[in-house]
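Below, chains carry the letters A, B, ... as their sequence lines are ordered, and counting in each starts from 1. What's counted below: heavy atoms across the whole structure, side chains too, no hydrogens, waters or symmetry copies.
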Amino acid sequence: MAVAVNAPAEKKPRILHAGENCLVVEFGDGIDLGINAQVQALRGKIENDPFPGFIDMIPTYRSLAVCFDALKSPPQLEKLLLDMSEDLTAGDAGSGELLIVPTCYEGDFAPDLERVAAHTGLSADEAVRRHTAVDCYCYMLGFVPGYPYLGGMDPALETPRLKEPREKIPAGSVAIGGKQTGIYPIDSPGGWNVIGMTPLRMFDPDRTPAVFLNAGMCVRFVPIGGGEFDRLAREAGEPGWKPDIRKKETPR
Amino acid sequence: MKLLIENPGLFTTVQDLGRRGYQMQGVPVAGAMDGAALRLGNALLGNEKDPRGLEPAGLEITVLGPSIKVMEGSGCFVVTGAEAGVTKNGVSLPCWTVHRLDPGDAVAFSAPKVGCRSYFCVSGGIDVPLVMGSRSTYTRGKFGGHRGRALKAGDVLVTGAPNATGENAIGAYALWAKCAGLSCPLRPDRDPHEPLRAIPGPQDDLFTEEGLAAFYSSEYVIANSADRMGFRLEGPVIAHKGGADIVSDAICLGSVQVPGHGQPIVMLADRQTTGGYTKIATVCAVDAENLAQRLPGQKVRFEKITVEAALNLLHREEALIGEAKRLREAWLAGSAFPFRRKGAFDVRVAGELRRVEWERME
């Protein structure tokens, strides 16, 4: 999945006010890799060289909210952000990193895999093969801590949400909702089709970092068996454990 | 000090000024809903930011406060924010005044006549483990504060030590104790009848003229569901030009979301970081704190202001906190500094009374 930073932008970025302590740089209004690459590029630029009073950023599909202490920030911040948004280069863009997400697509971990198979007309094995064949791109995190908004799932896997949402989808569940796929970082209610479970703890407030997936990274689901799941789940709870994050090689 | 929570009150949580720097991973900020009240309490007690710039934490009390017993140690406390009824050992005490705490002392609360959230601040702050750089409780995510939840009966909290070390720390303890009696006439402006001042945007261009007019001219009532995450308001419908849904965008403190039903929701401390509803305006920071002091059933109006005007309000609030610090310094200067060439005083360390003696080496 090539991420073209200098893809012709449909619009010039514009600055919107979200109160006196936040400016939003809006690069567009759609879900688009080119737009999101600009968001991540500006995010990287500010991370590398934060201005006085800078506090936090919220990258989304198509915008970057920049939060600051208005009593300490430079008076020309709006212009500064616009100037920074002018010449974004690939070097500033997303990490180019790839997170390996081992996922067990078997038995109780995959209560809705048959449903996805029935809806798509694929065999369960073929659905898993397609889910693991393409890397997904993390546009943003939100909704709950550590929840990734992933794009790039094989369109053949599109399956409508459950009519009756479940009260509790356990943390680690890998699921499909409509055109999207996602990973539940904490136990939450939800109506997506659960097709597998990862032993990775996508959110752990007592670990540093609590979330290891960042916007701009890619995700690769890798099928594992139940034994492998148990082993990785044990390891993921040990101090010093590190996720498998690789430099993104050739896109697939 | 070691504090026993004998009765937790309605919803009491440990809060500082929130979690900064993790919103990009979907982690809400949380923190005190009326941050100025917490900061004023800390200013009066002499609780300074730690070297990382972290504001000491206090207890955020929602309407009905806890009963707290001092198990060990001595220090001071002050209640700021909504003026709850406060007693120590059954005797009524004023809010916004620093009071002494000693082993066995019992502090209890009754509901404030005006306002919703009071802050129980203690010398040293409430010390709980830092989670992602903050002591704030985020109850929905079950992390931060005391075990990620509101306080329960039987919980034991400890207070922090001064930033200073060695002899300076002994001095700091002495200075803490000397603040007892200090009363603060300064209050942040939390008039429940005043309109909330809001800066238009970021999606005000997606509403009709009538929709914008309704928003800035109508009275809305706070719904019962109002909590730390946000306040749903009920009143005249705010019409969109087209749909109410947008491609997910950031949510900030004070963001006024308007979903398809046309009823506004003001997002506050525990807000999720992103969302797909249009946002007509952003309530300025000081008025987000003002809103935090209102109760379900109370009314809300909005008034359009500029970024510059909102900045002036921020400056005024900062000046108020600076004034409280000066007030404390003046109070301390009113009596001689406790250190002479040679001397001694008693201090309780971890519940044990100890004699501290010193002599200046020339």
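- Residue contact with chain B, scored on non-hydrogen atoms closer than 4.5 Å, is absent for Leu23(A).
- A salt bridge between Asp187(A) and Arg140(B) is absent, with no side-chain N of the basic residue lying under 4.0 Å from a carboxylate O of the acidic one.
- In this structure, the side chains of Gln25(B) and Pro145(A) stay at 4.5 Å or more apart for every pair of heavy atoms.
- Cys284(B) touches chain A through backbone and side chain together, each having a heavy atom under 4.5 Å away.
- Using a 4.5 Å cut-off between heavy atoms, Val24(A) touches chain B through its side chain atoms alone.
- With a 4.5 Å cut-off on non-hydrogen atoms, Ile251(B) touches chain A through its backbone but not through its side chain.
- Crowding of Arg207(A) atom CZ: a count of heavy atoms from other residues, nucleotides or ligands under 6.0 Å exceeding 12.
- Of the two parts of Ser255(B), neither the backbone nor the side chain holds a non-hydrogen atom closer than 4.5 Å to a non-hydrogen atom of chain A.
- For a residue to count as touching a neighbouring chain, one of its non-hydrogen atoms must lie under 4.5 Å from one of that chain's; by this rule Ala18(A) touches chain B with backbone and side chain alike.
- For a heavy-atom cut-off of 4.5 Å, chain B lies close to Ile55(A), Asp56(A), Met57(A), Ile58(A), Pro59(A), Thr60(A), Tyr61(A), Arg62(A), Ser63(A), Ala65(A), Cys67(A), Ala70(A), Leu71(A) in residues 53-78 of chain A.
- Against chain B, no residue from residues 165-178 of chain A qualifies, as none has a non-hydrogen atom under 4.5 angstrom away.
- Note on Leu314(B), Val283(B), Ile246(B), Leu130(B): by heavy-atom pairs under 4.5 Å with chain A, the leading option is Leu314(B).
- The CG atom of Asp205(B) lies 7.5 Å from the CG atom of Leu16(A); values are rounded to the nearest 0.5 Å.
- Within a 6.0 Å sphere centred on CZ of Arg232(B), heavy atoms belonging to other residues, nucleotides or ligands number 12 at most.
- Within 6.0 Å of atom OH in Tyr149(A), more than 12 heavy atoms from other residues, nucleotides or ligands are found, so the atom counts as buried in its surroundings.
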